[in-house]
Number of protein chains: 2
Amino acid sequence: MAGKRSGARKKRSQQAESTPQLRSEPPLSLERIIATAVDLLDTHGVDGLTMRRLADRLGSGVMSLYWHVDNKERVFDLALDAVLAFREPAPRGEALDWRADVVHMLEDWRASMLRHPWSASLLPRRTLGPNILNRLELLSRTLSKAGVIEANMNVAIWSLWNYVMGATITRASFDRSIDDLAAAQQALTRLSAHYPTIESTRLLLDSDWDGVFRKGLDFLLDGLAPKT
Amino acid sequence: MAGKRSGARKKRSQQAESTPQLRSEPPLSLERIIATAVDLLDTHGVDGLTMRRLADRLGSGVMSLYWHVDNKERVFDLALDAVLAFREPAPRGEALDWRADVVHMLEDWRASMLRHPWSASLLPRRTLGPNILNRLELLSRTLSKAGVIEANMNVAIWSLWNYVMGATITRASFDRSIDDLAAAQQALTRLSAHYPTIESTRLLLDSDWDGVFRKGLDFLLDGLAPKT
DNA sequence: ACCTGAACACCGTTCAAGT
DNA sequence: ACCTGAACACCGTTCAAGT
């Protein structure tokens with residue numbers, strides 16, 4: 001009586017055991033759904049997130065998800081913002097090094113996204129969640145305290161945003177396929193007649209990503225810093 | 001005899017006309033397939049490209065595509081590279097303004113991607129096609145002639161790449177949903193208690209994207225320029 | 001060499017219903 | 001308030017076959 005149909009989608013809980021309620025899954029909740037979605041994305045990438053797979057992992061029927069969440073898009077939005085939480089550091093004394101603060105904020109941002117390689121390329125295409133807005137607000141406040149006037153503020157923020165996003169998206173996708181990369185560089189070598197310059201510097205392989213990020217950021221900050 | 005089954009997928013050619021061969025579709029070819037794919041992407045976005053829709057547009061069966069192309073991934077790769085063709089300008093005199101050359105190359109690159117808003121966010125996640133490699137090679141050569149030494153070359157290229165990609169991806173996706181943007185800014189205003197700084201500068205609305213791009217690029221080039 | 005339909009193993013989501 | 005299965009309208013791709 002317990003197993004109504006043998007072909008039914010298996011659930012992780014026991015099927016014909018003695019006390020089917022004991023030790024069963026906790027009830028669904030938005031938090032559990034999003035946490036599991038992040039897991040799925042981390043292990044299987046963007047294409048690995050499926051409403052059906054998500055439900056399976058949660059031990060529920062697919063359609064149960066839709067009571068907690070409007071649609072799959074919404075799952076993406078929430079998973080993305082979840083990954084971008086930022087604990088604002090205790091506001092330190094006033095006249096400290098604003099530049100170090102900015103670098104720290106942006107490096108933390110980048111690190112958060114690299115921990116979840118699917119997140120960076122998703123971010124620019126979705127509506128900005130509260131955690132991202134919070135990061136932007138903090139960045140803006142720091143620049144403001146540093147003396148960047150309001151007329152230059154949006155240029156400053158977007159330049160930094162552009163740079164961080166570009167660096168992180170590139171890094172995240174180049175990382176994923178180190179084998180492909182080696183193959184690409186090999187192909188490049190075979191084509192060294194066409195692309196002699198980038199072939200000789202081993203552009204695709206010899207890149208110190210962290211160093212590149214840091215240096216480009218410094219150049220940008222040099223330009224954006226209020227002239228004294 | 002001509003219309004074998006009424007429920008068959010309609011083709012754009014006539015079904016029971018007098019001379020069914022006349023005025024029919026030209027034969028399939030990789031070029032036609034890719035050109036149509038680009039069309040589809042331009043008008044319906046990334047999710048609008050479907051093997052079935054592609055075949056429909058071409059007046060062929062779905063599976064016919066697979067003779068010309070390995071799989072859908074390959075269609076993406078080829079469509080992307082097709083959109084990034086670059087006509088190398090006639091090599092002008094020697095000691096000209098390398099900086100103007102670089103800016104021109106990168107602005108052309110950005111413009112090409114903005115003409116096909118789906119392309120920018122696709123590019124970093126795919127293997128680099130010949131047209132992209134060509135652009136990188138040209139950029140590299142220009143920097144080299146400008147005096148950037150080999151040890152600094154990869155940092156220079158990747159910094160510029162990161163910036164261009166970030167700027168273009170952001171611009172392309174913010175453009176697509178100007179209504180969403182206004183809604184987002186409105187939501188921001190409602191939340192001005194939480195995000196006072198970015199709310200007051202109207203970060204989401206008052207952005208001169210072209211100006212931002214140009215300025216940030218200038219700062220980067222200031223930093224990357226060989227010291228004289 | 002080039003094209004095809006049927007079939008398989010998936011998708012996201014609507015709906016009407018159960019507790 | 002919360003969860004469910006059946007069903008619909010899609011997907012990409014394998015296969016065995018047609019010309």
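Predicted, not measured: the structure shown is a model, and the values here were computed from it. Chain letters run A, B, ... following the sequence lines, proteins first and then strands; every chain starts at 1.
- Distance, Asp47(A) CG to dG12(D) P: 12 Å, rounded to whole Å.
- Between the side chains of Trp161(A) and Thr170(B), at least one donor-acceptor pair of N or O atoms lies under 3.5 Å.
- At a non-hydrogen distance threshold of 4.0 Å, nothing from residues 71-83 of chain B comes into contact with DNA chain C.
- A side chain to side chain contact (heavy atoms under 4.5 Å, CB included) with Ile157(A) is found for exactly one of Leu203(B), Thr197(B), Thr201(B), namely Leu203(B).
- In this structure, Trp209(A) and Phe174(A) have perpendicular ring planes: the angle between them is above 60°, well past the 30° mark.
- Straight-line distance between the P atoms of dA17(C) and dC2(D): roughly 22 Å, to the nearest whole Å.
- Using a 4.0 Å heavy-atom cutoff across all strands shown, Met51(B) reaches sugar-phosphate atoms only and no base atom.
- Look at CE on Met63(A): it is 11 Å from P on dG12(C), rounded to the nearest Å.
- Positionally, the nearest nucleotide of DNA chain D for Leu65(A) lies more toward the 5' end than for the other of Leu65(A) and Thr50(B).
- Salt-bridge formation is not detected for the pair Asp101(B)/Arg141(B): no Lys NZ or Arg NE/NH1/NH2 atom is positioned less than 4.0 Å from an Asp or Glu carboxylate oxygen.
- One finds a side-chain N or O of His68(B) lying less than 4.0 angstrom from the OP1 or OP2 phosphate oxygen of dC3(C).
- The side-chain heavy atoms of Leu65(B) and Leu58(B), taken from C-beta on, include a pair separated by under 4.5 Å.
- Comparing dA9(C) with dC10(D), their C1' atoms are spaced 13 Å from each other, to the whole Å.
- Residue-level contact check: Ser64(A) touches the bases, meaning some heavy atom is under 4.0 Å from a base atom.
- His44(A) places its NE2 atom 16 Å from the C1' atom of dC11(C), with the value rounded to the nearest Å.
- Note: Met51(A) CE to Asn71(A) CG = 7.5 Å, rounded to the nearest 0.5 Å.
- Going from atom CH2 of Trp67(A) over to atom P of dT14(C) covers 17 Å, rounded to whole Å.
- Atoms CZ (Arg52(B)) and P (dC8(C)) sit 14 Å apart, rounded to a whole Å.
- With respect to Asp210(B) and Arg110(B), a salt bridge is recorded, a charged nitrogen being found less than 4.0 Å from a carboxylate O.
- Judged by the 6.0 Å distance and 45° axis criteria, Arg171(A) is not positioned over the aromatic ring of Phe213(A).
- One atom, CZ of Arg53(A), and another, P of dT13(C), lie 16 Å apart when rounded to the nearest Å.
- Atoms OH (Tyr66(B)) and C1' (dT4(C)) sit 14 Å apart, rounded to a whole Å.
- Of the charged side-chain nitrogens involved, none lies within less than 4.0 Å of a carboxylate oxygen, so that Asp81(A) and Arg126(A) do not count as a salt-bridged pair.
- Atom pair Leu30(A):CG and dA1(D):C1' shows a separation of 15 Å (rounding to whole Å applied).
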How does DNA chain D look in dot-bracket form if you count Watson-Crick and G-U pairs under 3.5 Å, write [ ] for pairs that cross, and put | where a base pairs with another strand? ||.|||||...|||||.||
